[in-house]
Amino acid sequence: MRKNDHNSELKNFDIELYHDQLGRLGSGVLSFGDNQWACVNLLISDNALELRTDDAKFDLVKAVTNEGSTFCLCDCKANGIVLYADYVIEGDLKEAAVDSISVRYSDVSEWFLRWRKVDGSVGKTLNWTRIPKDINVSVETDDEHFDLRSAYCSSHSQLGEDLVLHEHVEFIFSARASKFSLTDVKAKTHELSCLLSILLAYPATIISVVVSQGSGRSYRIYFPTFERPERAKDDSSFWVRCFIQQPALDGRWQSIFNHYYQSNYRKVCWVRLSGMQRYDGFWEYKALGYVSLLDSYLNIRFDRASPSESIPPSSKKITKFRQYLTKELPTMLSDERDKIVEIANKTFASTKFNFESKYRLAIQETDTDITKIINLSEDEFSLIKKVRNSVAHGDDHGLEQEQFPVVIRAESKIALLLTYWAFLDFGLTTQEFITCLEKTHSKLKLAAMIDTVHMDRVTGSAEFFSITIEEFQLLQRAKGLRFHGCCIEDDRGNITFSEEYTKMYKDWMHDPTKTSNIQDPERIFGVSKSRARLVNKGYFECKEDNFQVYYMWIIK
């Protein structure tokens, strides 16, 4: 098995070019790799007339090195000085069509294999446990039919006194109805990259692709793709930042791929959603990108929807019309002006949903807990929509300094909302999405600044105590309650802060002579376990106000 065969360095070879029908075409220097377009810098003194023809194109040209190695240059275009190739295949193929494609992605293997364990003793016996189930699916649509499976690849090497074990996962596409073209090679690997990127909320970057014909040998293929995001060499917590964990998808891949390849959103929305993860440019265009992507998604979702009644123009436009009317015709009676405004309202009413109407309709159809957790407010939506419109028309966005963070936050909320809709489109559930959102440390979640209080309420991660305004004010001022505080609960369920028990709790925590850190109320307070319970995380709330407490004892 291949250990670590991805090499991003630019490769250069002195070569001679040959074509099956035209024969020898000339010589030059072949350069490819490092995500650069492959090209041959031709020797002017040694190139065929066919290469000098304007816009000369060749499906397959073979480049032979001085050592006798052959590269296939596919989908080529020449201009007399340089021959450009969309694909370079490391080997000698008879045709530019293949039976299987094997692709490896950066960081995905780490996510896929994260939960497997190695048990045993070094030097004796090692056993791999909790090994993830392989992906083994068949995809059939109106346009294509192929199989996809994952393959575990491993190797070991000796480095001085160290034995190095290497393992990764490759994804293998196998043609069923007809062979894959080279366009299919790029499309299939990119489509899978988009799916994985949305599930992980992290860009899955292609680092190596190998193709094969029949049962013969495999050939490495090169074409430009995206750059891998930078990661620190000592970063061992990547899996925590993935949105969904691999065990949640075990045994469900067939359903996910069925949904993905039959989705109306796949070729437009989900490609762009995964692509926006890589955006690292001017903030205005990021806002333009996410709002336009939301607009595109809504257009597809409500393609054939129409309102039951005509939608009147916005109140802002009607107010503006009334002001112009008053200014231009000041002598007009008030009743006449109202009548004209009413006519204008009916005349310019829309029989189709606009962007804003589609958005509100989508929000109405979205799970209430999701909308509360993501918490994209009306003001945030209106502001980022205004920015999008200004940027799209080349106008000044007109933002005040304090509005910039609001726009950045709204971008992330839109990205998170689109990710939720993508999860549903892939056949996952709202509860599964909430579970992922609760556990992940993904940048997508952190940047969106979700409503953690409602998240804790929905997931049951905290206890909530509804109290009166008087009780709220007293407890809010209680010194020492927020962390490791103690309260007393009477027979009617009323809760009051206890300075005495709080001091006992903190004295116990700082007692250097205690022999155990087990939270036992009999040892800490001298009360039975039936009378005391520990609340790891809780909220005291009164109407819209609340405050958090951690590791609080409630003693009856």
Side-chain angles (χ1 to χ4, degrees), residues 108 111-112 114-115 130 132-139 141 148 150 191-192 194-202 204 239-266 269-271 273-274 277 293-294 297-298 300-302 305 358-376 412-448 450-462:
V108 172
W111 166 81
F112 197 87
R114 169 64 184 82
W115 297 92
R130 297 184 66 185
K133 295 178 182 178
D134 289 332
I135 297 174
N136 195 347
V137 302
S138 180
V139 175
T141 68
L148 173 66
S150 61
E191 286 168 351
L192 180 54
C194 292
L195 174 61
L196 293 171
S197 296
I198 294 173
L199 291 172
L200 273 65
Y202 182 86
W239 65 276
V240 178
R241 299 193 299 277
C242 295
F243 196 84
I244 196 170
Q245 296 302 320
Q246 183 277 333
L249 302 174
D250 257 351
R252 304 179 60 186
W253 287 105
Q254 182 66 65
S255 172
I256 289 170
F257 277 93
N258 286 345
H259 281 87
Y260 180 59
Y261 274 91
Q262 292 168 11
S263 171
N264 293 328
Y265 308 102
R266 172 170 61 95
C269 297
W270 303 153
V271 168
L273 180 60
S274 63
Q277 294 176 353
L293 177 54
L294 175 61
Y297 169 83
L298 295 171
I300 295 173
R301 178 167 173 173
F302 299 110
K358 291 175 184 177
Y359 169 73
R360 299 193 191 291
L361 185 58
I363 291 299
Q364 288 173 11
E365 295 178 356
T366 298
D367 184 271
T368 305
D369 286 329
I370 291 293
T371 57
K372 288 182 178 179
I373 291 170
I374 295 177
N375 196 26
L376 178 59
S412 299
K413 290 180 181 293
I414 290 173
L416 187 57
L417 185 59
L418 286 166
T419 301
Y420 166 68
W421 285 329
F423 268 52
L424 295 187
D425 193 45
F426 300 160
L428 298 166
T429 67
T430 295
Q431 186 53 55
E432 288 170 326
F433 181 84
I434 290 175
T435 300
C436 294
L437 193 58
E438 178 192 15
K439 298 181 182 302
T440 186
H441 288 240
S442 168
K443 183 171 70 173
L444 177 63
K445 168 188 173 180
L446 300 177
I450 64 172
D451 186 334
T452 55
V453 177
H454 194 72
M455 169 71 82
D456 287 340
R457 192 188 304 275
V458 170
T459 59
S461 301

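Since the model is a prediction, treat every value here as computed from it, not as a measurement.
Rounding to the nearest 0.5 angstrom, the gap separating the CG atom in Leu294 from the OH atom in Tyr359 is 7.5 Å.
Applying the side-chain hydrogen bond (donor to acceptor under 3.5 Å, both in side chains) rule to Tyr420 yields the partners Thr430; only residues at least two apart in sequence or on another chain are considered. Legend: residues meeting side-chain hydrogen bond (donor to acceptor under 3.5 Å, both in side chains) with Glu432, ordered by chain and number and at least two apart, are Arg252, Thr429. Under the rule for a side-chain hydrogen bond (donor to acceptor under 3.5 Å, both in side chains), the partners of Trp421 that lie at least two apart in sequence or sit in another chain are Thr366.
Of all heavy-atom pairs between Phe302 and Leu361, the closest is CE2-CD2, 3.4 Å.
Ring geometry for Tyr265 versus Trp270: interplanar angle of 30 to 60°, hence tilted.
When atom types are taken as modelled, the side chain of Gln277 and the backbone of Ala204 share no donor-acceptor pair closer than 3.5 angstrom. A donor-acceptor pair under 3.5 Å is absent between the side-chain atoms of Ser412 and the main chain of Leu444, judged by distance alone. A donor-acceptor pair is defined here as one N or O able to donate and one able to accept, closer than 3.5 Å; such a pair exists between the side chain of Thr459 and the backbone of Met455. Although no hydrogens or angles enter the test, the distance criterion places a donor-acceptor pair under 3.5 Å between the side chain of Asp367 and the main chain of Asp369. Under a 3.5 Å cut-off, the side chain of Ser274 and the backbone N or O of Val271 do form a donor-acceptor pair.
Looking only at side-chain heavy atoms (C-beta outward), Leu293 and Cys269 come within less than 4.5 Å of each other.
Considering Tyr202, Phe433, Trp111 as possible partners of Phe243, the one that fulfils the ring-ring contact (aromatic ring centres under 6.0 Å, His included) test is Phe433.
No side-chain donor from either of Tyr260 and Glu191 sits under 3.5 Å from a side-chain acceptor of the other.
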Checklist line | side-chain contact (heavy atoms from CB on, under 4.5 Å) evaluation trace for Trp253 with Asn136 | finding: CA-CA 8 Å; Trp253 287 105; Asn136 195 347; over 6 Å; no
